[in-house]
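Single-structure report; data block below.
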There are 2 protein chains.
Amino acid sequence: MSTRADPSGSSGVETRAKAATIYDVAQAAGVSHQTVSRFLRGFEGIRPATRERVVQALDELGYRPNLTARSLKSGQSHRIGALAHEISQVGPGRIVEGASIAAREAGYVLDIVSLDTRNPRAIEESLALITQHDLAGVLALAVTDEMTKAFEATAFGVPSYVASESEGVEDDPRGLLSKVGIPTLVAHLAGLGHRRLVHVAGPSMWSASRNRTRAYEAAVESLNLESVGILHGDWSAASGYRAIADLSALPDATAYLVANDQMALGVMLALKERGLRIPQDVSVVGVDDIPEAAYLDPPLTTLSNDFEGQGRAAVAQLLARIERTVLTPVAVPPPSLIVRRSSGPAPVR
Amino acid sequence: MSTRADPSGSSGVETRAKAATIYDVAQAAGVSHQTVSRFLRGFEGIRPATRERVVQALDELGYRPNLTARSLKSGQSHRIGALAHEISQVGPGRIVEGASIAAREAGYVLDIVSLDTRNPRAIEESLALITQHDLAGVLALAVTDEMTKAFEATAFGVPSYVASESEGVEDDPRGLLSKVGIPTLVAHLAGLGHRRLVHVAGPSMWSASRNRTRAYEAAVESLNLESVGILHGDWSAASGYRAIADLSALPDATAYLVANDQMALGVMLALKERGLRIPQDVSVVGVDDIPEAAYLDPPLTTLSNDFEGQGRAAVAQLLARIERTVLTPVAVPPPSLIVRRSSGPAPVR
DNA sequence: AACTAGAATGTTGTCGGTAACATCGTTCTG
DNA sequence: CAGAACGATGTTACCGACAACATTCTAGTT
């Protein structure tokens, strides 16, 4: 039957250091390894008696498939490479988490390569690293332009998907937040009587940031409001604070639309330090609805953003390409307006 | 020579869909595949002329090693499995990021399996999944007791390391925050004249949380202060808020030591809603120094916590075991007290 | 009972590397 | 100058799974 001998010599002992292979199972069941393989792959035509023996041997030896071997032969692994920037940030972190969970549910593991922003060669190194580990597909999550560019220039030889908010494409779920959410947010402010707004944008390197800015501008225009300033931050609370604190004079606005909640937090503190009351004197709204948003002082009006859903959706997209199946649509709930106390009626002059 | 034929038939064209193997390189260089393999593994005894041809062929074909094949034979992969809870949380997220970057720098990829807290079988499934993908080692980051237990009960067959704050062990860098940081924090409050403190703890499932609580109790005792209450949260801002808001009457304390910054945020809002001023009426201090801490209202006194360093340190520990080398110590800066405006002198009765 | 189609199962080769062993040349020694 | 000794390179086997092809077995037909 099998040519493999038990190197330990002992047979009754259960303590085996090495994982059982299909050959071990085959020997134990008194069948060929191929029969075991067939069983594992769900082949139907196996006689009940044989099947029984295989099942039992499988169970006895505690067989676990060696995915490395499988992937070597079949050329397909059950790993998805994911490149992401700054996963410690709330947004990217939640996207990654959603992706990771979705991947696991589908029997895949997510190889996450986190890019070190301080290391300029990180992108290159990461791409090189990732191309060696043959993967079923590659995902770019939470990307900057630089990364998108490097990503698209790389021939992975496997399906890939960029989960950034794409710019031109219509009807793409990735742009939902900007296309649907931001207008709602602006309309909310307009409904409260605000006419002159300031936008605090994220870094222009991120397409997500540019989309939000563009959506803001379009909404302001269509509602006949006035944008009296666009400031820039880097998504952090510190940058939001600086954006306001560094101004020699505050713009003549009654509301601030900030591109994410963290920056909004900094903006609020800076405004308060200027002696303004929120929302009596100025309204501040954020985007993302981070868990802390409801507990800021004042609680922040913002836009819910289903990051986990985005991660899941990205994995679903990639899986559809990998497995050549029809895309199982992941319902990503549309962003919704969450009104809290940081926004209120525009002050009467 | 080689028995492999070029399936495309064309030879001049550079467009090959498949990655070049050492056999392709060998053929191009007119040597055996083993010579190529030897070169790649850094074997010295290769004639300069031969070496030259190999280098050139390697370069021409853009050879990239297939790590799957290598790991099948050699039994060692360049992947580290990492299990983590709630990586979207700031702390765990930053630990994972630090680990991911450290792993990449060492030429490893981190397979991150994020556990879905809502799915009770997630731990089990994840462990099963991770044991299949033969890994160089396994890391448990940001763990709960339940996970630690499951983790330790699993025979991975490869080195593993749990990066949680261990309880009994002395001189372990993992407990630094509690052992050094918390006493400093309590001493800071004592120095401001506070005598009666309240502690808002994290979930008791986390050893990190229990350590902080125990360190708090010990410090209170040694400084002759009084702990007038220990409340419990789940690390979230919401739970911090609830812990206070649900009380029918506030305890007679002048300072709150909260186990992390997010909860502190909620605690501060709840206290303010009770009409207390911070820090004039009560002081609140947190732990972790999340980036937002400096921009809360008032900015939060807290303890810095080098999460990334913890991640790097964990990877270093694991790599030392994997590669059987001496541990390259990762300098994790000790936690330091960051005094901001949320703590002030105890009010005079 | 002999024959045969088709189902069940076994055998061999393959994926891309690594390792052990085999072989071919050198150069050095006596 | 023969032969040893060693250095450089080639051959073959192997890791654990899958796939193609080969073979055996079973059951139905005449």
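Below, chains carry the letters A, B, ... as their sequence lines are ordered, and counting in each starts from 1.
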side-chain hydrogen bond (donor to acceptor under 3.5 Å, both in side chains) between Ser126(A) and Arg104(B), intermediate numbers included: CA-CA 7 Å; Ser126(A) 303; Arg104(B) 180 171 51 66; 3.2 Å; yes

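Applying a 4.0 Å cut-off to non-hydrogen atoms, the residues of residues 44-55 of chain B that approach DNA chain D are Gly45(B), Ile46(B), Arg47(B), Thr50(B), listed by residue number.
For the pair Leu72(A) and Leu40(B), both in contact range of DNA chain C, the more 5′-proximal nearest nucleotide belongs to Leu72(A). Annotation: of the two residues near DNA chain D, Arg41(A) and His33(B), the 5′-most nearest-nucleotide partner is His33(B).
The closest side-chain heavy-atom distance from Ile322(B) to Tyr108(B) is below 4.5 Å. Counting heavy atoms from C-beta outward, Ile112(B) and Ile112(A) have side chains that approach closer than 4.5 Å.
Between the CD atom of Gln27(B) and the C1' atom of dT9(D) there is a distance of 17 Å, rounded to whole Å. Atom-to-atom, CG of Leu67(A) to C1' of dA17(D) comes out at 10 Å; the value is rounded to the nearest Å. Here the P atom of nucleotide dC15(D) and the CG atom of Asn66(A) are 12 Å apart, to the nearest Å. In this entry the distance linking NZ of Lys73(A) with P of dG16(C) reads 9 Å, nearest Å. The interatomic distance linking Ile22(B) (CD1) with dT9(D) (C1') rounds to 14 Å, in whole Å.
End-to-end axis angle of the helix from dA1(C)-dT30(D) to dG30(C)-dC1(D), using five pairs per end and rounding to 10°, comes to 70°.
Distance from the side chain of Ala69(A) is smallest to dG16(D) among dG16(D), dT18(C), dT12(C). Minimum atom distance to the side chain of Arg38(A) is reached by dG10(C), of the listed dG10(C), dT18(C), dA17(D). For Gln34(A), taking side-chain heavy atoms from C-beta onward, the closest of the listed nucleotides dA19(C), dA17(D), dA19(D) is dA19(D). Among the nucleotides dT18(C), dG10(C), dC18(D), the one closest to any side-chain atom of Ser32(A) is dG10(C).
No side-chain donor-acceptor contact under 3.5 Å links Glu308(A) to the backbone of Arg94(A).
Atom CD of Glu105(A) sits in a crowded spot, with more than 12 heavy atoms from other residues, nucleotides or ligands closer than 6.0 Å.
Heavy atoms of Phe39(A) sit nowhere under 4.0 angstrom from any nucleic acid atom.
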